Amino acid sequence: MKFDITIWGEARDVIRKNLVIFTVAVAALLLVDIAIYALKPEVESPQLPTYIVGAYLAIASHMTILRNVSGFTATGALPKWAFFKFCMRGLAIGFVTMIPALLVMIPLFEVPEIKAASQQAQYVLVFSAVLAFYGLAMLIVLSLVGTWLPSALVADRSSLKRAFARGRKTFGYVTSRLIVGPGANIVLFFATLFLLPGQFSVATRTYTIQVGELKFVPFDIVMNGLGYLVWATGIVLVAVVLSRAYQLGEARLSEASLQDAELKQMEAI
């Protein structure tokens, strides 16, 4: 099975078909951030709404590839319990990937060079190392069992073992596409995050608009909006890769089963 369109090209088409839900997802999370900062700047943005909104966007993207259904109607076309299964499988993959990344963090603080650094430098060094290790672990896990996610949406009742089987058939495909797709997207974001602020003066970055007791920092709002835009694009890219890998894996497994059956018939003659 071959696909005639690149990952970025297909992601663009998926975003176009799901433009409303894509825009609503980014705008909703940005508005929540703005409201939280204006009312309680010391409070962190809640993670649960972000995960739920991301799940809706991911499901719409998967369904566009797998069932040619897009937008908010995609969730209505899901089999019973598919949304719950998808979310639980996503949490399971994230949790399994996070464990080794957190275990790496503990011994890093005992490295002499890191212990001798300042507290801020320690944080940056450890965070960078853990983030890199987490990214590598996520790449491997998604390449092996990432098709477990789209399988929840088509109700094929395939097990985790079947996902491993698909992963063995599509490991190279998924790894390379995740690197040139979501991987490049993340690198571009971090490059922008570290390079863009330096192009503006401190006055511009800290300029605050006060409305009564509420405070708004336009530069932070723009950067948060950019972050959510990259985040949403990354979700679509991952969905495109995993959905295509699911289709490719099933095709290759079916082909292998057919070849085995033909071989057994030839041996029986």
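Basis for what follows: all heavy atoms, side chains included, without hydrogens, waters or symmetry-related copies. Numbering of residues begins at 1 and proceeds along the displayed sequence. This is a predicted model, so every value here is computed, not measured.
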**Q** Which residues, ordered by chain and number, are linked to Ile99 in its hydrophobic cluster, where ILVMFWY side chains connect at heavy-atom gaps below 4.5 Å, directly or through other members?
**A**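 Phe95, Leu103, which link up through side-chain heavy atoms under 4.5 Å apart, make up the rest of the cluster.
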**Q** Can you tell me how far CG of Asn18 sits from CG of Asp13, rounded to the nearest 0.5 angstrom?
**A** 11.0 Å
**Q** Per the side chain to side chain donor-acceptor pair (under 3.5 Å) rule, what does the pair list look like for residues 175-186, sequence neighbours excluded?
**A**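 For residues 175-186: Ser143-Thr175.
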**Q** Just so I know, are the side chains of Asp156 and Arg162 near enough to count as touching, which here means a heavy-atom distance under 4.5 Å?
**A** no
**Q** First locate atom OG1 of Thr23, then atom CG of Leu229, and finally report the distance between them rounded to the nearest 0.5 Å.
**A** 9.0 Å
**Q** Return the CG to CZ distance between Leu144 and Arg166, rounded to the nearest 0.5 Å.
**A** 12.5 Å
**Q** Identify the two heavy atoms, one from Ile209 and one from Pro218, that lie closest to each other, and give their separation to 0.1 Å.
**A** CD1-CG, 3.8 Å
**Q** Measure the CD1-CD1 distance between Ile21 and Ile15 for me, rounded to the nearest 0.5 Å.
**A** 12.5 Å
**Q** How close do Ala60 and Ala74 get, heavy atom to heavy atom, and via which atoms?
**A** CA-CB, 3.9 Å
**Q** To the nearest 0.5 Å, tell me how far Ile93 CD1 sits from Leu149 CG.
**A** 4.0 Å
**Q** Can you tell me how far CD1 of Ile179 sits from CD1 of Ile7, rounded to the nearest 0.5 angstrom?
**A**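 Answer for the CD1-CD1 pair, Ile7 versus Ile179, is 12.5 Å.
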**Q** Scan for side chain to side chain donor-acceptor pair (under 3.5 Å) pairs involving residues 91-100, sequence neighbours excluded, and state none if there are none.
**A**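 The answer is none; no pair qualifies.
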**Q** Tell me whether Met98 is reachable from Leu178 by hopping between hydrophobic residues (I, L, V, M, F, W, Y) whose side-chain heavy atoms are closer than 4.5 Å.
**A**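 Yes; Met98 is reachable from Leu178 via cluster members.
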**Q** Check Leu242 against Gly146 and note the closest heavy-atom contact, atom names and distance.
**A**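 For Leu242 and Gly146, the tightest heavy-atom pair comes out as CD1-O, 3.6 Å.
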**Q** In chain order, what residues pass the side-chain hydrogen bond (donor to acceptor under 3.5 Å, both in side chains) check against Asp220, with sequence neighbours excluded?
**A**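 By the side-chain hydrogen bond (donor to acceptor under 3.5 Å, both in side chains) rule, Asp220 matches no residue at all.
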**Q** Mind jotting down which residue pairs meet the ring pair (Phe, Tyr, Trp, His ring centres under 6.0 Å) criterion with at least one end in residues 217-242? Sequence neighbours excluded, please.
**A**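 Sorted result for residues 217-242: Phe200-Phe219.
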**Q** Run the side-chain hydrogen bond (donor to acceptor under 3.5 Å, both in side chains) test against Ser61 and tell me which residues pass, sequence neighbours left out.
**A** none
**Q** Taking only residues two or more places apart in sequence or in another chain, which ones pass side chain to side chain contact (heavy atoms under 4.5 Å, CB included) with Arg67?
**A** Met63, Val69, Val154
**Q** Write down the atom of Thr50, the atom of Pro46, and the distance for their closest heavy-atom approach.
**A** OG1-O, 3.4 Å
**Q** Applying ring pair (Phe, Tyr, Trp, His ring centres under 6.0 Å) as the test, list every pair that has at least one member in residues 17-60; sequence neighbours left out.
**A** Tyr56-Phe83
**Q** Any link between Val14 and Val20 through a network of hydrophobic side chains (Ile, Leu, Val, Met, Phe, Trp, Tyr) touching at under 4.5 Å?
**A**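 Yes, one cluster joins them.
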**Q** Which residues satisfy the side-chain hydrogen bond (donor to acceptor under 3.5 Å, both in side chains) test with Ser70, sequence neighbours excluded?
**A** none
**Q** For Leu131, give me all partners under side chain to side chain contact (heavy atoms under 4.5 Å, CB included), at least two apart in sequence or on another chain.
**A** Phe127, Phe190
**Q** For the residue pair Arg12 and Trp8, establish whether any side-chain heavy-atom pair is separated by less than 4.5 Å.
**A** no
**Q** What residue pairs, at least two apart or across chains, pass side chain to side chain donor-acceptor pair (under 3.5 Å) with a residue in residues 72-91?
**A**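 Non-adjacent pairs meeting side chain to side chain donor-acceptor pair (under 3.5 Å): Arg89-Ser151.
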**Q** Within the structure provided, determine whether Val32 and Pro49 are in side-chain contact (heavy-atom separation under 4.5 Å).
**A**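 Answer no - side chains too far apart.
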**Q** Any non-hydrogen side-chain atom of Ile52 less than 4.5 Å from a side-chain atom of Leu48?
**A** yes
**Q** Contact between Leu78 and Leu153 at the side-chain level, heavy atoms closer than 4.5 Å - yes or no?
**A**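 Result yes, sub-4.5 Å side-chain heavy-atom pair found.
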**Q** Would you kindly confirm whether Leu160 and Phe171 end up in one hydrophobic cluster when ILVMFWY residues are joined by side chain heavy atoms under 4.5 Å apart?
**A**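 Yes.
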**Q** Please name the pair of heavy atoms, one in Lys169 and one in Arg252, separated by the smallest distance, quoted to 0.1 Å.
**A** O-NH1, 2.6 Å
**Q** Phe86 and His62: which non-hydrogen atoms are nearest, and at how many Å?
**A**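 Heavy-atom minimum between the residues: CE1-CD2, 3.7 Å.
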**Q** I'd like to check the side-chain hydrogen bond (donor to acceptor under 3.5 Å, both in side chains) partners of Thr170; sequence neighbours left out, ordered by chain and number.
**A** none
**Q** With hydrophobic residues grouped by side-chain heavy-atom distances under 4.5 Å, do Val222 and Leu226 end up in a single group?
**A**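 The answer is no; the residues belong to distinct hydrophobic clusters.
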**Q** Under 4.5 Å between side-chain heavy atoms, counting indirect links through other Ile/Leu/Val/Met/Phe/Trp/Tyr residues: same cluster for Tyr173 and Val180 or not?
**A**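 Different clusters.
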